[in-house]
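The structure appears right after this line, and notes come after that.
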Amino acid sequence: MYLVRRTFKTKPGEARRVATLVSKQVQIFHEEGHREAFRVAYNDRTCPGEQNVVVLEWTTDAFQSPYRDGNEMPPAAMQAGAAFQPYIEGTYIEFWELLTPSKMLE
């Protein structure tokens, strides 16, 4: 089991807008069976720590490329993704292996 975290660095003051638009896009992916349950968090200068940031997280059993053979990307999700592009300055993704009871050491 893995935790996947995509972080977006937004233009100043746009984190809540980007969080909303990212959530709408990922909801489309979720409804189409492309993404597991997810959550979105943001800091638009309201919390301590790095500001103008949006974090999208989900867990998955396996990594699958969205560009794999036979996979059709929902056009509505691609359109939704285009909506937040003007408000972001950069993005990166992290993959973390979750510690499950079967992986724990004695």
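Side chains are part of it too, since the values below use all heavy atoms of this structure and drop only hydrogens, waters and symmetry mates. In this text the structure is predicted, and so the values were computed from the model without any measurement.
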Legend entry - Thr59 and Leu98, any side-chain heavy atoms less than 4.5 Å apart: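 They are in side-chain contact.
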
Legend entry - Considering all heavy atoms, the nearest Pro86-Ala82 contact: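 Scanning both residues, the minimum pair turns out to be CD-O, 3.5 Å.
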
Inset, instruction - Provide the closest heavy-atom pair for Arg45 versus Pro12 in the form atom of the first, atom of the second, distance. - result: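 Nearest pair, atom of Arg45 first, then Pro12: NH1-C, 4.2 Å.
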
Legend entry - Partner set under ring pair (Phe, Tyr, Trp, His ring centres under 6.0 Å) for Tyr42, not counting sequence neighbours: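 Testing Tyr42 for ring pair (Phe, Tyr, Trp, His ring centres under 6.0 Å), a comparison that skips the adjacent residues, returns none.
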
Inset, instruction - With sequence neighbours excluded, tell me which residues meet ring pair (Phe, Tyr, Trp, His ring centres under 6.0 Å) with Phe38. - result: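 Counting only residues at least two positions away or on another chain, Phe38 forms no ring pair (Phe, Tyr, Trp, His ring centres under 6.0 Å).
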
Side chains of residues 46-56: which donor-acceptor partners sit under 3.5 Å, not counting sequence neighbours?
from  : atom 1 : to    : atom 2 : distance (Å)
Asn52 : OD1    : Gly13 : N      : 2.9

Quick one: [atom1] on [X] to [atom2] on [Y], what's the gap to the nearest 0.5 Å?
{"X": "Thr10", "Y": "Leu21", "atom1": "OG1", "atom2": "CG", "value": "11.5 Å"}
{"X": "Leu99", "Y": "Leu3", "atom1": "CG", "atom2": "CG", "value": "12.5 Å"}
{"X": "Asp44", "Y": "Arg17", "atom1": "CG", "atom2": "CZ", "value": "9.5 Å"}

Inset, instruction - Take atom CD of Glu72 as the centre, draw a 6.0 Å sphere, and report whether it contains more than 12 heavy atoms from other residues, nucleotides or ligands. - result: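 No, the 6.0 Å shell around CD holds no more than 12 heavy atoms from other groups.
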
Check for me, please, whether [X] and [Y] land in the same ILVMFWY cluster - side-chain distances under 4.5 Å, paths through other members count.
{"X": "Ile28", "Y": "Val40", "result": "no"}
{"X": "Met104", "Y": "Met1", "result": "no"}
{"X": "Phe95", "Y": "Trp58", "result": "yes"}
{"X": "Ile93", "Y": "Val18", "result": "yes"}

Legend entry - Pairing residues for Arg39 by the salt bridge (charged side-chain N to carboxylate O under 4.0 Å, His left out) criterion, not counting sequence neighbours: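 Applying salt bridge (charged side-chain N to carboxylate O under 4.0 Å, His left out) to Arg39 gives Glu57.
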
Inset, instruction - Could you list all the side chain to side chain donor-acceptor pair (under 3.5 Å) pairs where at least one residue sits in residues 19-30, not counting sequence neighbours? - result: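 Qualifying pairs: Gln27-Glu31.
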
Legend entry - Pair listing, side chain to side chain donor-acceptor pair (under 3.5 Å) test, anchored in residues 86-106, at least two apart: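 Every side chain to side chain donor-acceptor pair (under 3.5 Å) pair that includes a residue of residues 86-106, provided the two are not neighbours, is Arg6-Thr91, Glu94-Trp96, Glu97-Lys103, Thr100-Ser102.
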
